[in-house]
Protein chains: 2
Amino acid sequence: MSSRASQRLTEAASRLFQAKGLSSVGINEVVREAGVAKMSLYNNFPSKSDLAKAAYAQLSKERQQAIEALVKKVADPETAILEMFDLAGRLAARPGFRGCAFIDLAAHSAQDIGLRDLVRDHKRAIHRHFEESARRHGAVRPRQLATQLLALWDGALTDAAIEGSLEPIHAAREAAHVLLAASK
Amino acid sequence: MSSRASQRLTEAASRLFQAKGLSSVGINEVVREAGVAKMSLYNNFPSKSDLAKAAYAQLSKERQQAIEALVKKVADPETAILEMFDLAGRLAARPGFRGCAFIDLAAHSAQDIGLRDLVRDHKRAIHRHFEESARRHGAVRPRQLATQLLALWDGALTDAAIEGSLEPIHAAREAAHVLLAASK
DNA sequence: AGCAAAGTAGACAGACCAGTCTACCTAGAG
DNA sequence: CTCTAGGTAGACTGGTCTGTCTACTTTGCT
């Protein structure tokens, strides 16, 4: 399955949606960027919303793989969690960074249930990784700790975008360190 | 100044933009909700963007006044900070809550510098309140603590909206407590 | 070679939206 | 009473967007 055109479309869509936000990118721009005819879009996806679903699902998978690679590489769970904030820092340092793509998507998909579910599932997946590391760290309440770390992570990415600075992410990393120390 | 129509417009705009997001609300809907003619909008504001600026500036002022009232009411700075998270909980418990209106605005105003500045200024104002309380609390690094608390606050509001639950806000309040204890 | 599946270019329809224009109305100050 | 500033209704313009249609071409498999 997944024809050549379909793949080029999801890649171009992922790039453009991240750079400008779902509702600021038109179909014509996507097909131009993908180097593909408009009809190839509608032969592969029923609607723009379905293309977005595919693009963001792909992005979510990539992000989760990056996190899994990181968690597997690092033995110490505390280090793994702190490195997740370093990863956030790397995302935020990219030129044109506009905040977490999934939070942005949530804002632009108020009425599209499929897309909102995708955002929720993505955040739950990250929560799961935090919780697993928190549990291995020996936290008394790993679930709550994961919820706190996720809020820090999301807030830090958002504030970094608003201020155009990496300071929120560095501060959040430090806060994660304090929360981990207090969690046993 | 500020004619009757202008006031009704900013109020209606504030309500609708909070409920649906800036770009999901059309001019026609705003004037209908305000009970005012479309030309009254353009006699009072040069463009939709300027109406939005007025509406969000008003909202920012109200939020800051609520925070100031709270900080003035409570003597203990730690309690004041924790009560700011209770305030976040009250916001998130409102029916139709869609996350912090200013984070939503940031997502919908990528190309409008005036609106982006407004978001940044609003977040800086909240940061200032956190920092003042952190300083009164005796924190060693009040600026960094304020940055951490703001990230927690923003992330908690965002995650509460995504999950449709108050749990992120309760967890963030607990995290704030831990950070405050560790900050001296 | 031949055929089916996939892709192409671009015109087009239909919806929606910001912002303009016109002609009329109303309320309050002098 | 009259004048004026502010308000009104709604048609209209120009632009943009998603999604469709058509007739044609390429590609890859057998």
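We name chains A, B, ... by the order of the sequence lines, and we start the count at 1 in each one.
If you run side chain to side chain contact (heavy atoms under 4.5 Å, CB included) between Trp153(B) and each of Ile169(B), Thr158(B), Leu87(B), only Leu87(B) comes through. For the salt bridge (charged side-chain N to carboxylate O under 4.0 Å, His left out) with Glu163(B), the qualifying choice from Arg116(A), Arg120(A), Arg124(A), Lys123(A) is Arg124(A), the only one to do so.
With distances taken from any side-chain atom of Ile27(B) to the nucleotides dA9(D), dA18(C), dT8(C), the minimum falls on dA18(C). For Met39(A), the listed nucleotide lying nearest its side chain is dA9(C); candidates were dA9(C), dT20(C), dG7(C).
Considering CZ of Phe45(A) and CG of Leu41(A), their distance stands at 7.0 Å, rounded to 0.5 Å.
At whole-Å resolution of the value, CZ in Arg32(B) and P in dA9(D) are 13 Å apart. To the nearest angstrom, C1' of dA6(C) lies 15 Å from CD of Gln7(A). Remark: C1' of dT16(D) and NZ of Lys20(A) are 14 Å apart, rounded to the nearest angstrom. Rounding to whole angstrom units, CG of residue Leu41(B) and P of dC21(C) are separated by 16 Å. To the nearest angstrom, P of dG19(D) lies 10 Å from CG of Leu51(A). When the C1' atom of dT18(D) is taken as reference, atom CD of Glu29(A) falls 14 Å away, rounded to whole Å. Atom CZ of Arg8(A) and atom C1' of dG7(C) are 12 Å apart (whole Å). Counting to the nearest Å, the C1' atom of dG7(C) and the OH atom of Tyr42(A) are 16 Å from each other.
Residue-level contact check: Val25(A) touches the backbone only, with heavy atoms under 4.0 Å from sugar-phosphate atoms and none from bases.
The base of dG19(D) sits within donor-acceptor range of the side chain of Lys38(A), with an N or O pair under 3.5 Å. Between the base of dG19(D) and the side chain of Lys48(A) there is no donor-acceptor pair shorter than 3.5 Å.
A donor-acceptor pair under 3.5 Å is absent between the side-chain atoms of Thr79(A) and the main chain of Ala75(A), judged by distance alone.
Contact annotation: Ser47(A) side-chain N/O to dT18(D) OP1/OP2 distance is not under 4.0 Å. Distances shown here put every side-chain N or O of Asn28(A) at or beyond 4.0 Å from the OP1 or OP2 atom of dT16(D). OP1 or OP2 of dT8(D) sits under 4.0 Å from a side-chain N or O of Ser40(B).
Ring geometry for Tyr56(A) against Phe17(A) counts as parallel: the plane angle stays under 30°, on a 0 to 90° scale with 60° as the upper cut.
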